[in-house]
**Q** 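Before I ask anything, let me first share the structure, which is written out below as structure tokens.
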Amino acid sequence: VIKFVTTLAEVSDGEVRAGGTDLSERRRSGVAATDVYDLRDVAGLDTLVVDGSGARIGAKVTVAAVGSHAQVMGGWRGFGMAAAGLATPQIRNVATVGGNLAQRPRCWYFRDPGSVCLKKGGGECLARAGDHLYHAVFDLSPCVAVHASTLACALLAYDGSVVVYRPPLLAPPRVKRAEVRSMAEFLGDGRDPQEENALEDGDLVTEVRLGAPVAGEKATYYRAIARARAEWPLVEVVARRWDGGARVAVGGVANVPLRLENVERAIMAGASATEAAEIATQGATPLPMTRYKVDVLRGAVLTALEELA
Amino acid sequence: MRAPGGPAAFFALECAIDELAHALGKDPVALRRAWDDSPFRAELWDWVEALPAWKDRPRGAQTGRFRRGVGLAMASWFYIIEPSTQVKLRLENGELVAETGSQDIGNGGRSVVARAVEGILGIAPRVVYGDSDLVHGPLCGGSRGTASLAPAAEDAARQLAAELERWAARVRRVRNPEVGGGAIAHAKGSIAWDEVLKEAPRIEVVGRRKADRGGWYLPMVIGGTAFGRQLGVAIAVTEVEVDTRIGRVRATGAWSAVSAGRIVTPELARSQVQGSVVQGIGYALYEERRFCPRSHRMITRGLEDYRVAGIGDSPPVEVFFGTRERPEVEGGAIGLAEVATAPLCASVGNAVFAATGWRPTDIPIRPERVLAGVRA
């Protein structure tokens, strides 16, 4: 790993390949054209360990392995369901946990090799002024593409963290090379339209961590999609409820997954699922074509909370 | 894109007729039967009216999150022939080989040739396909494959049978030889096919696709393509479940009745119709080519953004083939793939109306449209 990140640090640009489900598609279309640094031959990063303190999931563990892991499903059901519910079986069998977190957004302008959008250094967000049927409901960034990572949404709901390796050359003296970041730190403030997280050049996600399971917790994942499978969520929800606590995070609605603390507080204060779902839409700033997603958001949160009741 | 323009056209027409039936308070089947004089469709209507899914469909207003509805629609579609279609049949080196320069992209033309020859000789040839050096075969498209290939293959098989009968009479000196059932029967017994293959001389014949009785719909053949004088007909019945909370429509059952004359390869014809239904559901619910309103660039560049129906979106499909024959058509078989997909969008739209009382007027029937429609 150290050798790999050292190499990464020495190149000006380059992308890390893990499962390749995102990168290969962008390379084929021509959207990505930099060198590829393949994690295939890097030893380790592929174990999933569950013990009394929680779970440590290597960046190269496949999404399918997480989604079918009995202990993960037992201790962190919402996270396991999210892994089992995203994309397709073929994708899940190849895609990795680290790759899912670091993948690029699925905006059709960003993916079009002939369009130079804000994310690719252009002057404006082409979706904002153009076709944004599947874009943001909470308009938090100049770029209105939604964050693509389902696992980031789930980790946000589980107060999970990410281990990031920093290249030694860039690491300040006496700072450990490996750094544990909360999901909020990992995602950053989302203000930079060119970035979907706070990783810097040369950073490598090596591990995802979940704290000890909460006893008696009920949790679920709900993905609002129009087709049965194989679709990016219109809205996705990870919800948890336990004696004395609640967590709700949503994806597909903004340039970062959002934790809905106002909904959590309402649940704790005894609000009904319907009332809490209504609160989930507070502060929504839909674009002209995404007004329907406010309804989908309300419906998705309601469905998830009903499942916990 | 199958049956170009058809799904959208029948969506408009057949949803309007459904609306008319609703406005008049009439049964949608009874209303259509009152003016539909197609003898081919009559037996399809009988089948539809006997379907439990149709007879016992939910009626009246529903209020829950999930609402079920059953809708139906009909369609007619022309059929196409390539009159220059040929099938060459060779008996050589102890093997029977059929050749034609068509392609098989999963549509099963190769099986049609094998089955048509087998129907006459009682033995299936090895079929060589997909090479433009071979005799002319039809392209894949426009529901023309079976209707073009089967008669040409049968013509070749009949010629080969005649050659073999001449050989049997002259060389083997048998009386009244007759090819069929994988042997040459004659007055005093039969010559087994293995023996025929071993002993018969090299024979090569070329079968042609003769014109239908009464000719073509248009007098001329345009670009190698002729339009037949008859219409394939179909009726689609679709059951949907509408999730009014997130606006999702899901097809939960489909029944497809098609009258296309003789069905040459029943199992492949059935799977063609099943594929047509799945594709039709894709048109109704997911597929749309979108262009940026400013740059006019197409932004649905791949299958991630141009959404097609997947296996999880495919309901169980029951298929019924009308039995009415088409003796005017050479070979008796006409195309069925396009006519089977043409009424699907409309049947889905009518099912959504039956479930929700909201009439979709745009396809695909996506969440934003359903939510707006159901809330209105």
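Residue numbering restarts at 1 for every chain, and letters A, B, ... go by the order of the sequence lines.
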**Q** Would R270(B) and V273(B) count as a side chain to side chain contact (heavy atoms under 4.5 Å, CB included) here? Give the steps.
**A** CA-CA 5 Å; R270(B) 190 167 300 276; V273(B) 174; 5.9 Å; no
**Q** Identify the residues of residues 299-309 of chain A whose heavy atoms come closer than 4.5 Å to a heavy atom of chain B, ordered by number, or report 'none'.
**A** G299(A), A300(A), L302(A), T303(A), E306(A)
**Q** In chain order, what residues pass the side-chain contact (heavy atoms from CB on, under 4.5 Å) check against R297(B), with sequence neighbours excluded?
**A** D112(A), S115(A), S295(B)
**Q** Evaluate the side-chain proximity of T341(B) to F10(B): yes if any heavy-atom separation is below 4.5 Å, no if none is.
**A** no
**Q** Please identify, among V296(A), D295(A), L126(A), the residue contributing the most non-hydrogen atom pairs under 4.5 Å to chain B.
**A** D295(A)
**Q** Chain B: which of T290(A), I225(A), L297(A) shares the most heavy-atom pairs with it under 4.5 Å?
**A** I225(A)
**Q** Kindly indicate whether the side chain of C107(A), heavy atoms from C-beta on, has any atom under 4.5 Å from the side chain of K119(A).
**A** no
**Q** Are any of the side-chain heavy atoms of D305(B) and I299(B) separated by less than 4.5 Å?
**A** no
**Q** Taking only heavy atoms into account, what residues of residues 367-376 of chain B are found under 4.5 Å from chain A?
**A** P367(B), E368(B), L371(B), R375(B)
**Q** Do E288(B) and P364(B) have side chains that get closer than 4.5 Å, going by heavy atoms?
**A** yes
**Q** With a 4.5 Å limit on heavy-atom distance, are the side chains of T150(A) and Y221(A) in contact?
**A** yes
**Q** Rounded to the nearest 0.5 Å, what separation is found between the CG atom of L72(B) and the CH2 atom of W54(B)?
**A** 3.5 Å
**Q** Tell me, side chain or backbone of E25(A) under 4.5 Å from chain B's heavy atoms, or both, or neither?
**A** neither
**Q** Identify whether the distance between the nearest side-chain nitrogen and carboxylate oxygen of E15(A) and R104(A) falls below 4.0 Å.
**A** no
**Q** Given that the side chain runs from C-beta out, which part of F110(A) has a heavy atom under 4.5 Å from chain B: side chain, backbone, both or neither?
**A** neither
**Q** First locate atom CG of L133(A), then atom CZ of R290(B), and finally report the distance between them rounded to the nearest 0.5 Å.
**A** 4.5 Å
**Q** Classify the ring geometry of W108(A) against H135(A): parallel below 30°, tilted from 30° to 60°, perpendicular beyond 60°.
**A** tilted
**Q** Run through R106(A), R111(A), R227(A), R26(A) and flag the one making a salt bridge (charged side-chain N to carboxylate O under 4.0 Å, His left out) with E304(B).
**A** R106(A)
**Q** Going by an N to O cut-off under 4.0 Å, is there a salt bridge joining R307(B) and E287(B)?
**A** no
**Q** Measure A230(A) against the heavy atoms of chain B and call it side chain, backbone, both or neither at under 4.5 Å.
**A** neither
**Q** Hey, which residues of residues 235-246 of chain B are touching chain A, say heavy atoms under 4.5 Å apart?
**A** D243(B), R245(B), I246(B)
